[in-house]
Amino acid sequence: MRWEGDEQSSNVEDRRGDSGGGGGFGLGGGSLGIGAVVVALLGSWFFGVSPSTILNVLSGGGGSPAQVQQQAPSGPPATDRESQFVRTVLRYTETTWGQIFQANGAKYQPPVLVLYTGRTGTGGCGTGQSAVGPFYCPADRKVYIDLSFFKLMQQRFHVSGEFTQAYVIAHEVGHHVQNLLGISGKVDNARQQLSESQGNALSVRVELQADCFAGVWANHTDETKRIIQDGDVESALAAASAIGDDALQRQARGEVVPDSFTHGTSAQRMRWFKKGLDSGSVEQCNTFEARQL
């Protein structure tokens, strides 16, 4: 992936080295066995928002979430390559989504991305822990990433490359876009009326839409910045395949339980990322009306 020398975002809060916050964030509470830890680490890879649903925005509807005051990041930018990469990718997302929102008569409000080590407090989502992987907190509109996750991703699943990491960041920003569109709140409300298995099915559509949004981002950014190099798309698709619910469950449990899927199968994750990448169209990302995922 080509990115060196491009503009970097100032919306990054670097907490690496801080002691972290208190409280609990758990995945349902209780202790986790080894198999469950594998699922928690990579199944929560794109932990994203509390599950959300499609708003009529894609077809001209309305609705908007509550306004949240963003706290400006503090401290000078770090000079290490990893944080410079994150800042550059975040800036790409700001530019792309800013243009898409503007083209539709709206103003994009970028998230703050928090870099942390081990654990950190959030503004409404408990304590973020590296064990759950990158995640987005809709309450404070921040993306949280412990960069050690990318090393784990390479060691355990043999997927690597900077474009793959950019895909992870773009997916989390995709959840922020869902939040701005009011999708997150719509799903939270809908889930209250659904059974657990129905709620899981809705979560799958949320995650696949964020994958599609990541593809839309990649399409637009490559068109203007030519960031994609040989092998980049293949590595991102390999990552999407590695963290499909079916692949994770098969590795952790030796069996697959479709009713418990919350992120989509390997094939579905690859398909929706590729759909966004090939089309560059937000309208193509309406997973909630898709008959086949």
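All of these numbers come straight from a predicted model, not from anything done at the bench.
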Side chains of [X] and [Y]: does their closest heavy-atom pair fall under 4.5 Å?
X      : Y      : value
Val89  : Trp3   : no
Thr96  : Phe213 : no
Arg119 : Gln129 : yes
Pro110 : Tyr108 : yes
Gln229 : Asp232 : yes
Tyr144 : Lys142 : yes
Asn179 : Val177 : no
Phe150 : Val168 : yes

Inset, instruction - Just do the salt bridge (Lys or Arg N to Asp or Glu O under 4.0 Å) check on Arg16 and Asp80 with the steps written out, would you? - result: CA-CA 12 Å; Arg16 292 174 297 174; Asp80 59 291; 3.1 Å; yes

Inset, instruction - Using distance alone, with no hydrogens and no angle criterion, decide if His220 and Glu223 have a side-chain donor and acceptor under 3.5 Å apart. - result: no

Inset, instruction - State, without any angle test, whether Gln178 and Ser184 hold a side-chain donor-acceptor pair at a distance under 3.5 Å. - result: no

Inset, instruction - Please work out whether the ring planes of Tyr92 and Trp217 are parallel, tilted or perpendicular, with thresholds of 30° and 60°. - result: tilted

Legend entry - Salt bridge Glu196-Arg191, side-chain N to carboxylate O under 4.0 Å: no

Inset, instruction - Please determine if Glu162 and Arg2 form a salt bridge, counting it only when a charged side-chain N lies under 4.0 Å from a carboxylate O. - result: no

Legend entry - Expected output: side-chain Asn11 to main-chain Val112 donor-acceptor under 3.5 Å: no

Inset, instruction - Would you please test Glu7 and Arg87 for salt bridge (Lys or Arg N to Asp or Glu O under 4.0 Å) and show each step? - result: CA-CA 8 Å; Glu7 185 179 4; Arg87 290 174 186 274; over 6 Å; no

Inset, instruction - Begin with the C-alpha distance, continue with both residues' side-chain angles, and end with the deciding distance and a verdict on salt bridge (Lys or Arg N to Asp or Glu O under 4.0 Å) for Arg205 and Glu207. - result: CA-CA 5 Å; Arg205 293 179 184 267; Glu207 295 299 329; over 6 Å; no

Inset, instruction - Let me see the working for Gln109 and His176 under side-chain hydrogen bond (donor to acceptor under 3.5 Å, both in side chains), right down to the final yes or no. - result: CA-CA 9 Å; Gln109 300 170 329; His176 175 66; over 6 Å; no

